[in-house]
Every structure is written in C-alpha cells, then in structure tokens.
Amino acid sequence: MNSIAGSPTFHLQLPHSARLQQPTDMADRSPQTFGELMAAGVMGVNDSQQNATAQVHELLSGGDVSQVEVLTAVQKADMSFRLLVQVRNKLMSAYEEINAIRI
C-alpha cells in the first residue's frame, strides 16, 4: 500500500465485466459518451441478474451447481443492483440541484 501524507491508498479491482474495453487504436474510435457508459452499466447489472436467476433455476431443477455458487451470484447481482440505484439517486440529486440554479 502506498501512502500520501499518512493516508493509505487503496486500489479498486473491477470485475472483468465491469472494465471498459480499450480499443486497440484510439484514433479510430471517439471516446465513449456518458450515456454509453451508463447503458453499459445497466446492461452489466441486467446480465448479473439474469445469471443469478439462471443459477437459481438450475439449482432448483437439480442441476450441477453448488449452493455457494448460487449464493455468490445472487449476492453479486444484489450488490450491483444496489450500486446502480445509488448511482441513479446521486444523478437525480445532481440534476435537481442543477435544475434549481437560477441564472
């Protein structure tokens, strides 16, 4: 851990599905817009929800999946959904604050 002025620095490791894919040649592609980033985030949350649902169905139908895997997938989907809701709440709060500014 590196520290600056006595404060520890933590590095956040995102899951592979949450990492942005970097194009091989940056000149061929314009940067992603905020809307595209949000859409990718929502799609990632949807994918994790669908994965958790599929694993629950597989467990209930007697498939070859362990309870630990299912619980982990469900918890991951729940946490990603809660994070998405918090991001939405912050965005709505920022929008309302900007909207209240009078020129």
ask   = How long is the span from the CG atom in D78 to the CD atom in Q75, to the nearest 0.5 Å?
value = 6.0 Å
Would you list the atom pairs, donor with acceptor, under 3.5 Å between side chains in residues 39-51 and any protein atom, with sequence neighbours excluded?
{"from": "S48", "atom 1": "OG", "to": "V45", "atom 2": "O", "distance (Å)": "2.8"}
{"from": "S48", "atom 1": "OG", "to": "S80", "atom 2": "OG", "distance (Å)": "3.1"}
{"from": "Q49", "atom 1": "NE2", "to": "A77", "atom 2": "O", "distance (Å)": "3.1"}

message = Side chains of Q55 and T72, heavy atoms from C-beta outward: is any pair under 4.5 Å?
response = no
query = Quick one: CE on M92 to NZ on K90, what's the gap to the nearest 0.5 Å?
reply = 14.0 Å
inquiry  = Give me the atom names and distance for the closest heavy-atom approach of M38 to L91.
reply    = CE-CD1, 3.8 Å
key: Side-chain cluster (under 4.5 Å, hydrophobic types only) that V56 belongs to, other residues   = L59, L60, V65, V70, V74
ask   = If you look at every heavy atom in L37 and Q32, which pair is closest and at what distance?
value = CD2-OE1, 2.9 Å
